Amino acid sequence: MTAVDKLRARFDEQLGGAASDNDLKALKDQYLGRKGGAVVALMKEVASASPEQRPVLGRLANELKIHIEEAIAGRRSALESSRPPAGTVDVTLPGRPAVVGHRHPLTILRERLEAIFARQGYEILDGPETEDDYHNFEALNMPLDHPARDMQDTLYLREPFARAVRPVGAPGGPNVRGEEGAASERPATLLRTHTSAMQIRYMQSHRPPVRVIAPGRVYRRDNLDLTHTPMFQQVEGLVVGAHVSMGDLKGSIIGCLREMFGPDTPVMFRPSFFPYTEPSADVFIGCRSCAGTGCAICKRTGWIEVLGCGMVHPAVFEAVGYDPRAVTGFAFGIGIERLAMLVYGVDDIRQFYENDLRFLEQFAF
């Protein structure tokens, strides 16, 4: 009887510490399991006891078995009743760490560029992504027959009926006349091919001096490949005032690039052509992969093109009502994706737009 009492006391003590279904299952196996259970071992002792002790020992063993079964069932019911209903929140559980999002790498770089030019005194513009033909092309010295329009490869939303600048015999012909004989034309609507249209709009409503940048998305009919995408981002800048010179342009561009890539970055200007600037230049930095010695990335030249720029063409000033004899200015355009590929060491522009978190999470800062 003393052995049975000790077994019961030990079980009751362990039952008090059972806090889950797994604990109760382990406790049941320990005492009632067919292999190695304490009560099963006790039953074997009943079979080997003397005839006088066998009835008493058998009764005590059965009572202990019933006690254990009822105690475990009662403890399981108590645990189930203490659990919150399905779907509720257990406020005692430890909190889960919040998943914190972060900015896209192109957004990070655009904000860096904006901060650099803001320190140089530039105002930041914002404008529509759908434009008309005049602000996107004509005011920038690109009439309908200008070959530079082929460089843009425009995505039109609405073609014009006719334009006054079209020569006779060109597609669409001269102005189309309505029933009453009045000139009738519908301007083309398009997805802007550059953010320079915002500069035209700004100059139409502001007098010099002007110092602005225009960041934003632009669209061209490009095939998607390692270095091209039909939608990309630009930051275009414009400065207009009395006695603005090419030296001012070089100072702004070199200051920006050396703040972006490092104070010892070599910068080179090479003559180029843009219809809205004269003279025009392409700007290169020393290849960061080969330190200027020549490699496959820079096509063995030691230089990588990063932007285009130039002095504003007098025709652009005339289009917005500025006197080209009284003011001069410069303009530049930077492709954010092209710059990001150099800054981050990315060799495929498509990675910026594929939404692959394994790629984007590398820029979580």
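From a predicted model like this one, the values you see are computed outputs, not experimental measurements.
Under a 4.0 Å N-O distance rule, the pair D29/K25 qualifies as a salt bridge. Between R76 and E80, no side-chain nitrogen of the basic residue sits less than 4.0 Å from a carboxylate oxygen of the acidic one, so the salt-bridge criterion is not met. Using a 4.0 Å cut-off between charged nitrogen and carboxylate oxygen, D23 and K28 do not count as a salt-bridge pair.
A donor and an acceptor atom, one from each side chain of H102 and E361, are nowhere located under 3.5 Å apart. Between the side chains of E123 and Y202, a donor-acceptor pair is found at a separation under 3.5 Å.
Using cut-offs of 30° and 60° on the angle between ring planes, the pair F352 and F359 is perpendicular.
By the 4.5 Å heavy-atom criterion applied to side chains, D323 and E318 are not counted as neighbours. With contacts defined as side-chain heavy-atom distances shorter than 4.5 Å, the pair S252/V239 does not qualify. Between F330 and M246 the shortest side-chain heavy-atom distance does not fall below 4.5 Å.
Here F232 and Y219 keep their ring centres 6.0 angstrom or further from each other.
Few gaps surround CZ on R207; more than 12 heavy atoms of other groups in view lie less than 6.0 Å from it. For N223, the CG atom counts as loosely surrounded, since its 6.0 Å shell holds 12 or fewer non-hydrogen atoms of other residues, nucleotides or ligands.
Put simply, the side chain of T154 never gets that close to the backbone of Y156: no donor and acceptor are under 3.5 Å apart.
The side chain to side chain donor-acceptor pair (under 3.5 Å) test with Y31 singles out one residue from R10, R8, K65, and that residue is R10.
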Assess the residue pair R192 and T130 against the criterion (side-chain contact (heavy atoms from CB on, under 4.5 Å)); give the C-alpha distance rounded to whole Å, side-chain angles, the decisive distance to 0.1 Å, and a yes or no.
CA-CA 6 Å; R192 65 186 181 190; T130 56; over 6 Å; no

